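Since the structure is predicted, the reported quantities are computational estimates derived from the model, not experimental observations.
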Amino acid sequence: MGLSAGLVAIALKLFVHQVSGMVTEYSETQGLFWLFSLLPMVGIFLTVFYVIKILKGDLKKGSAEIQYAIAKQSSLLPPSQMYSHVITSALTVGLGGSTGLESPIVSTGSAIGSNFARAYTLSYKERTVLLACGVAAGIAAAFNAPIAGVLFAIEVVLTDISLTAFIPLIIAAASGALLSKIILQEGLIMSFTLRQPFDYHNVPLYIVLGLLAGFLSMYYVKSFTGSQKLVQKIANPWVRVGVGGSLLALLIAFFPPLFGEGYHTVSILADLKPDLLPHHSVVNNWLHGDWALLVFLISVMLAKSAAAGLTLGSGGNGGNFGPSLFMGAYLGFSFARFINLTGFAQIPETNFALVGMAGILSGVFYAPLSAIFLIAEITGGYELMIPLMIVSALSLAVTKYFEPLSMEAKKLSEKLNLSIANRDHFLLSKLELSKLIETDFVPLHEHDLLQALITAITKSHRNTFPVLNERQELVGLIHLDHVRATIFQTELYQMVTIKDIMVAPSSVIAPHDSLHDVLKKFDDAHQWNLPVIENHQYLGFVSKSSILSKYRDELVQAL
């Protein structure tokens with residue numbers, strides 16, 4: 001699994017690097033800078049064409065879709081997802097779409113794992129672990145960072161993990177990272193060499209950076225979702241491509257670093273050569289002096305989230321992982337450059353750029369461990385471990401204070417129609433209410449005589465009987481405990497009707513109710529069986545004991 005997902009990640013990285021490299025070189029040698037900014041629209045157009053014509057519009061994006069498959073589809077992902085994300089993200093990012101490849105890599109790796117497991121008829125638990133192995137291997141290969149791959153699979157994709165799952169994840173991530181180290185040349189993977197060691201005197205400034213990263217993470221989410229929804233309001237997909245692509249081209253014309261993933265511009269920042277970044281910008285001739293350059297860098301940083309939103313909203317494929325790292329690097333560098341220009345202190349701009357990457361990644365994905373160890377691994381050591389921990393933790397604390405759920409967790413919560421903030425809610429969401437409906441309750445009609453109840457008791461092992469009218473609508477219930485004294489009075493058998501002794505149901509369940517809401521209804525009603533009603537029609541009963549039994553089964557599988 002690690003080798004397969006790792007090879008896919010490497011192939012995608014190589015393809016995008018080659019395509020974007022050729023595009024950039026051609027535009028520079030020919031002086032066709034307008035082509036440079038228009039190419040992302042071409043890539044998005046080709047992506048939309050492929051999705052509509054070949055995939056018939058079926059392309060599920062993001063880790064929320066993977067978690068939904070784990071919860072609701074027995075960890076089964078469609079075979080087409082093993083290649084569709086590779087093709088569409090290569091077209092989008094290779095031709096300059098301002099997004100990242102990591103999310104498509106994660107989707108592809110998870111699909112490979114799921115379908116491997118399906119081919120070998122593995123159990124749900126094994127299938128889920130293999131799916132996560134594909135995720136870990138993909139991230140590990142993309143950055144040559146095996147620890148970050150394992151942690152990302154745990155923090156972002158799997159909500160529950162047992163110790164036994166760590167071994168397969170570690171093996172898969174190590175395999176993917178090993179392939180990456182063997183195949184990919186230096187320069188294709190983000191790696192940095194620290195110019196200065198960590199200085200504890202800068203801790204107060206790292207604290208400020210962590211707080212800024214938290215607020216900027218929230219800005220990223222708002223800006224990204226806002227720009228994405230703005231273009232998605234356009235119903236016609238081809239018009240949407242034109243409008244979104246044109247707005248993206250305008251942004252790239254002003255801010256060329258927004259072209260593609262932008263990782264090469266992060267390397268330029270780390271090499272302390274930010275003056276190269278405005279080259280080809282339409283405002284380059286107006287940028288004079290360090291302060292003007294700083295304003296340009298901050299503008300690029302703020303525009304990245306909108307560019308990513310326009311890319312995906314227009315129909316392109318990619319993710320938020322790369323843009324988060326991009327924005328974090330620009331935040332850290334700009335903050336350090338501002339401090340240095342004001343003369344307040346002299347701090348290492350490269351170190352702050354790297355730590356800023358971890359801050360935004362932690363704040364956007366709510367994955368602090370992945371962020372910390374990713375930057376530690378791509379810098380070749382743990383020299384920055386203390387500031388990485390400080391900034392990642394503070395960024396997450398700020399964002400979580402205002403937004404309890406991450407962007408992907410919100411999507412999953414909406415799909416599951418519940419909050420996934422805790423383990424119990426998520427495990428309950430994996431149960432299908434429709435499969436828990438029991439139909440072996442003997443129904444009675446409201447105009448039946450008491451004798452009919454006596455007959456029904458002899459045929460049923462239940463203590464509750466639904467009462468229906470002529471339209472098969474539930475009008476009441478009979479509980480044996482409530483009528484026990486009445487049924488022994490034989491003289492009433494032909495005198496009393498069912499309607500006379502029935503009671504109104506204390507609560508009813510709708511088929512679309514979440515299991516969490518259903519359990520609350522059980523507690524409020526003090527009942528162990530409640531009727532299920534859809535469009536006034538009686539469907540059956542749901543038992544509290546059967547829900548708890550199924551929940552225990554899910555809990556055992558998660559261990």
Minimum heavy-atom distance between N202 and P348, given as atom pair plus value | ND2-CD, 3.8 Å
Taking the six-membered ring of F255 (Phe, Tyr or Trp), confirm whether the NZ or CZ of K304 is under 6.0 Å from its centre and within 45° of its axis.
-> no
OG1 on T108 to CG on L12, rounded to 0.5 Å | 7.5 Å
Answer yes or no: is there a side-chain heavy-atom contact under 4.5 Å between V157 and I70?
-> yes
Note: P79 and N115 closest approach over all heavy atoms is CG-OD1, 3.4 Å
Step through the shown structure and confirm whether more than 12 heavy atoms of other residues, nucleotides or ligands are within 6.0 Å of CD1 on I54.
-> yes
For A270, does its backbone N or O pair with a side-chain atom of T350 as donor and acceptor, under 3.5 Å?
-> yes
Rounded to the nearest 0.5 Å, the NZ atom of K125 sits from the CG atom of L130 at a distance of 14.0 Å
Yes or no on salt bridge (charged side-chain N to carboxylate O under 4.0 Å, His left out) for E403 and K222, after CA distance, side-chain angles and deciding distance?
-> CA-CA 11 Å; E403 294 286 351; K222 297 291 185 183; 3.7 Å; yes
Shortest non-hydrogen pair, S63 vs V156, comes out as OG-CG1, 3.6 Å
In terms of side-chain heavy atoms, does E126 have a donor or acceptor partner in S123 at a distance below 3.5 Å?
-> yes
Non-hydrogen side-chain atoms of L184 and S180 separated by less than 4.5 Å | yes
Is the backbone N or O of G2 less than 3.5 Å from a side-chain atom of S175, with the two atoms forming a donor-acceptor pair by type?
-> no
What distance separates L216 CG from L211 CG, expressed to the nearest 0.5 Å?
-> 12.5 Å
Going through the checks in order, is the salt bridge (charged side-chain N to carboxylate O under 4.0 Å, His left out) test met by K60 and D58?
-> CA-CA 6 Å; K60 295 178 172 59; D58 184 23; 3.0 Å; yes
Give a yes-or-no answer on whether the side chains of T128 and S75 include a donor-acceptor pair shorter than 3.5 Å.
-> yes
Verify the neighbour count for atom CZ of F49: are there more than 12 heavy atoms of other residues, nucleotides or ligands below 6.0 Å?
-> no
Closest heavy-atom pair and its distance - I378, M357 | CD1-CE, 4.5 Å
In terms of heavy-atom contacts, does CZ of F338 have more than 12 from other residues, nucleotides or ligands at under 6.0 Å?
-> no
Taking atom CG of L95 and atom CG of L46, what is their separation to the nearest 0.5 Å?
-> 6.5 Å
Locate the shortest heavy-atom distance separating P257 from F296; write the atom from each residue and the value.
-> CD-CZ, 4.3 Å
With E377 as partner, the option from I372, I147, N144 fulfilling side-chain contact (heavy atoms from CB on, under 4.5 Å) is I147
In Å and rounded to the nearest 0.5 Å, what is the CD1 to CD distance from I339 to Q346?
-> 10.0 Å
Judged by modelled atom types alone, do E349 and N340 share a side-chain donor-acceptor pair under 3.5 Å?
-> yes
Can you check side-chain contact (heavy atoms from CB on, under 4.5 Å) on F215 and T399, steps first, answer last?
-> CA-CA 7 Å; F215 287 109; T399 53; over 6 Å; no
For the residue pair A371 and S362, what are the closest heavy atoms and their distance?
-> CB-N, 3.9 Å
dist S98:OG -> I44:CD1 (nearest 0.5 Å) comes out at 9.5 Å
Find out whether L297 and P274 are in side-chain contact, i.e. whether some heavy atom of one side chain is under 4.5 Å from a heavy atom of the other.
-> yes
Mind telling me whether F373 and Y382 have parallel, tilted or perpendicular rings, with 30° and 60° as the class edges?
-> perpendicular
Heavy-atom distance under 4.5 Å between the side chains of I252 and P40, does that happen here?
-> yes
Using atom types as modelled, flag every donor-acceptor pair under 3.5 Å from a side chain in residues 315-327 to any protein atom, sequence neighbours excluded.
unit_1, atom_1, unit_2, atom_2, d
N317, ND2, H85, ND1, 3.0
N317, ND2, T88, OG1, 2.7
N320, OD1, Y220, OH, 2.7
S324, OG, N320, O, 2.6

Can you find a heavy atom in the side chain of F352 that is under 4.5 Å from one in the side chain of I347?
-> yes
Does atom CE of M407 have more than 12 heavy-atom neighbours, drawn from other residues, nucleotides or ligands, at distances under 6.0 Å?
-> yes
Do H264 and H17 have side chains that get closer than 4.5 Å, going by heavy atoms?
-> no
Heavy-atom distance under 4.5 Å between the side chains of F365 and S406, does that happen here?
-> no
Carefully, step by step, assess I298 and Y330 under the rule side-chain contact (heavy atoms from CB on, under 4.5 Å).
-> CA-CA 7 Å; I298 294 174; Y330 276 74; over 6 Å; no
